[in-house]
Amino acid sequence: RGYLNSEFTSKKLVIDKAHNTASFDLVFDSGNRQQFGEVIVDQDVLEPALVAKYIAIKSGDFYSSEQLVETYDALSKSGYFDSIDIRPATENSGKAIPVTIKLHPKPKYHYAFGIGFDTDIGILASASYHDNRLNRFGHFLTAELDIAPVLSTANVEYTIPMANPL
């Protein structure tokens, strides 16, 4: 965890055919343990405070690929972003590794329509509407309508992300 410049400084294998033995000598240098540096988030659709709730990477923490994966998963599950690009500058020879996160939003609106037939219900029609970003605070709206001769339903859901959105 955080030892990105580790290497074997010496590798030696000695084979003794006369005694049918082999021995090896390895010297491992872990190097300095590195930390996360500045975390730069490149996105312009949500408030930075909301996006920060999904980011597990903290400046000053020891470098950890698990935190990078955790951040990616949280941003992916948020439902706000179509593509997520997390790039740690591991070539940085200093102790702190800056991380750049580029986020591209999903389309603001999503519509879906359907029509079908069921032997018990008859002809079915459905429509749904989803607004992924009502505002910069991450509120979103979902509306669904199902119409059938026997049973018709309508559902509207307004969601506000709270302190721990996942």
Side-chain angles (χ1 to χ4, degrees), residues 1-17 19-112 128-144 155-166:
R1 300 188 81 191
Y3 297 99
L4 300 178
N5 296 319
S6 58
E7 64 178 334
F8 286 99
T9 56
S10 173
K11 303 168 263 201
K12 186 176 173 183
L13 175 64
V14 178
I15 299 173
D16 184 354
K17 290 183 181 179
H19 293 98
N20 205 22
T21 62
S23 65
F24 59 90
D25 183 29
L26 298 173
V27 178
F28 182 75
D29 179 10
S30 65
N32 291 329
R33 191 169 185 189
Q34 294 182 296
Q35 298 172 320
F36 285 116
E38 182 182 11
V39 179
I40 301 161
V41 180
D42 181 9
Q43 65 87 33
D44 60 358
V45 294
L46 296 174
E47 284 294 318
L50 174 62
V51 176
K53 293 177 183 180
Y54 295 97
I55 297 176
I57 303 164
K58 303 293 180 224
S59 182
D61 285 356
F62 287 117
Y63 184 91
S64 162
S65 58
E66 289 87 7
Q67 281 182 289
L68 294 171
V69 170
E70 195 177 313
T71 297
Y72 182 90
D73 286 345
L75 289 166
S76 179
K77 289 176 185 174
S78 75
Y80 297 115
F81 306 106
D82 213 14
S83 76
I84 301 159
D85 185 21
I86 301 176
R87 294 196 181 250
T90 55
E91 69 280 351
N92 186 357
S93 61
K95 197 170 187 179
I97 298 174
V99 179
T100 301
I101 302 172
K102 291 187 180 185
L103 304 171
H104 300 283
K106 283 187 174 180
K108 184 167 169 47
Y109 306 109
H110 176 76
Y111 304 94
S128 67
Y129 164 80
H130 188 80
D131 186 332
N132 290 316
R133 294 180 313 276
L134 284 172
N135 55 34
R136 291 186 55 82
F137 302 104
H139 299 196
F140 57 91
L141 176 76
T142 302
E144 298 171 341
N155 182 39
V156 176
E157 188 176 304
Y158 187 94
T159 305
I160 301 171
M162 302 307 264
N164 185 2
L166 292 178

Distance in Å, [X] [atom1] paired with [Y] [atom2], rounded so as to fall on 0.5 Å steps:
| X | Y | atom1 | atom2 | value |
| --- | --- | --- | --- | --- |
| Ile57 | Tyr72 | CD1 | OH | 13.0 Å |
| Leu75 | Leu103 | CG | CG | 5.5 Å |
| Thr71 | Ile55 | OG1 | CD1 | 6.5 Å |
| Ile84 | Tyr54 | CD1 | OH | 11.0 Å |
| Asn132 | His139 | CG | NE2 | 14.0 Å |
| Ser128 | His130 | OG | NE2 | 9.5 Å |

In terms of relative ring orientation, are [X] and [Y] parallel, tilted or perpendicular, with 30° and 60° separating the classes?
| X | Y | result |
| --- | --- | --- |
| Phe140 | Tyr80 | perpendicular |
| Tyr129 | Tyr111 | tilted |
| Tyr63 | Phe36 | tilted |

Considering non-hydrogen atoms only, spot the tightest contact between [X] and [Y] and give its length.
| X | Y | answer |
| --- | --- | --- |
| Leu50 | Gly138 | CD2-CA, 3.5 Å |
| Gln43 | Val45 | OE1-N, 3.0 Å |
| Gly37 | Ala96 | CA-CB, 3.7 Å |
| Gln67 | Ala56 | NE2-O, 2.9 Å |

So with a 6.0 Å cut-off around CG of Asn20, is the heavy-atom count from everything else above 12?
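For Asn20, atom CG is not crowded (no more than 12 foreign heavy atoms under 6.0 Å).
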Around atom NZ of Lys102, are there more than 12 heavy atoms of other residues, nucleotides or ligands at under 6.0 Å?
no
Quick one: does [X]'s side chain get under 4.5 Å of [Y]'s, heavy atoms only?
| X | Y | value |
| --- | --- | --- |
| Arg136 | Leu46 | no |
| Arg133 | Pro105 | yes |
| Val39 | Lys58 | no |

Passing candidate, side chain to side chain contact (heavy atoms under 4.5 Å, CB included) with Leu68, options Ile86, Ile101, Asp73
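Result for side chain to side chain contact (heavy atoms under 4.5 Å, CB included) with Leu68: Ile86.
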